[in-house]
Amino acid sequence: MTIFDAGPALEESFFQHKAPTIARGLIGATLLINGVGGRIVETEAYDISDPASHSFGGQKRRNAVMFGPPGHAYIYRIYGLHWCLNAVAGEAGSAVLIRALEPLEGIGQMVVRRGISDPRLLCSGPGRLCQALGIDGSLNGAPLGDAPFQLFAPGGESPITEGRRIGIRVGVDTPWRFGLSNSPFLSRPFAAEGFAAG
DNA sequence: GCGCTGATTCCCT
DNA sequence: GGGAATCAGCGCG
């Protein structure tokens, strides 16, 4: 019943890699929650040595899921009102933030949840994506390989652009943001980098 | 099209 | 009590 262009279900072992490897490998993968979702076009990696990461400074109650088994969902509330979805990676305290996807399945339901119809604005940002897919804190710690999640490997080669991460105040020079090159569904375009004068 | 600002909850200090 | 991996609406030009 695959009516979208996707590969086989992602192996659980995929998540035993380091966060940047997983972040890159998830570009082009298909993510569904209760049958609603699409193709991942933007991710960011975080790990325990990274001052921008919730795991920086060690395990706490809030970030405990980041220190748990790989391939599970780490979901937290940001700025008091939005939810953000991460995939826990192989190293303790590392995860991949899912920032944007291209809506493919259940678009009607996304439109209802978001209250807008422009497909480019349905899932282009971590908060928007969670609202469109109906994700909240009740799914924190849930395995991404089981219902209500479905994850499929990329259908083919995806041209990937790298850059600096967004919305953080420290660790801004770490180029751990990955995106499907020139996708109209990115939360923000990738800036032309490498021209910083002094 | 840009930038500023308010919204709102949880966790750590 | 303050800040946070964000979003949408507003005013301005």
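Chain letters run A, B, ... following the sequence lines, proteins first and then strands; every chain starts at 1.
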| field | Salt-bridge criterion met for A:Glu162 and A:Arg177 (N-O under 4.0 Å) | value | no
| Starting at CG of A:Asp118 and ending at C1' of C:dC7, how long is that distance when rounded to a whole Å? | 15 Å
| query | In whole angstroms, how far is the C1' atom of C:dC7 from the CG atom of A:Leu122? | reply | 14 Å
| request: Scan side-chain atoms only and decide if A:Arg113 and A:Gln131 contain a donor-acceptor pair under the 3.5 Å cut-off. | output: no
| said: I'd like to check, for A:Tyr46, whether its ring lies over the base of C:dA5 with centroids under 5.5 Å apart and a plane angle smaller than 30°. | reply: yes
| field | Lys/Arg N to Asp/Glu carboxylate O, A:Arg164 vs A:Asp173, below 4.0 Å | value | yes
| field | Gap between atoms CG and P, on A:Leu186 and C:dC7 respectively (whole Å) | value | 13 Å
| query | If you look at every strand shown and take non-hydrogen atoms under 4.0 Å, does A:Gly127 touch a base, only sugar-phosphate, or nothing? | reply | sugar-phosphate
| query | Does the side chain of A:Arg99 get closer than 4.0 angstrom to OP1 or OP2 of C:dA5 through an N or O atom? | reply | no
| For the side chain of A:Arg128, counting heavy atoms from C-beta on, which of B:dC11, C:dC7, C:dA4 is nearest? | C:dC7
| query | Can you tell me if the side-chain N/O atoms of A:Arg114 get under 4.0 Å from OP1 or OP2 in C:dA8? | reply | yes
| message | Using ring centroids (six-membered ring only for Trp), state whether A:Tyr46 and A:His54 fall under 6.0 Å. | response | no
| Tell me: CZ of A:Arg188 to P of C:dT6, nearest whole Å? | 10 Å
| Within less than 4.0 Å of OP1 or OP2 of C:dA5, is there a side-chain N or O belonging to A:His54? | yes
| request: Figure out the CG/P separation between A:Leu81 and B:dC10, and round it to whole Å. | output: 12 Å
| query | Of the candidate nucleotides B:dC12, C:dT6, B:dA7, which contains the atom at the shortest distance from the side chain of A:Lys60? | reply | B:dC12
| Comparing A:Arg169 and A:Ile116 on DNA chain C - which has the more 5′ nearest nucleotide | A:Arg169
| query | Does a donor on one side chain and an acceptor on the other come within less than 3.5 Å for A:Ser124 and A:Ser187? | reply | no
| said: Counting distance alone, no hydrogens or angles: does the base of C:dA5 have a donor or acceptor under 3.5 Å from a partner atom on the side chain of A:Tyr76? | reply: yes
| task | Among C:dA5, B:dC11, C:dC7, find the nucleotide with the atom closest to the side chain of A:Arg62. | result | B:dC11
| said: When the C1' atoms of C:dA8 and B:dC10 are compared, how many Å lie between them, rounded to an integer? | reply: 22 Å
| Presence of A:Arg61 side-chain N/O under 4.0 Å of B:dC12 phosphate oxygens OP1/OP2 | yes
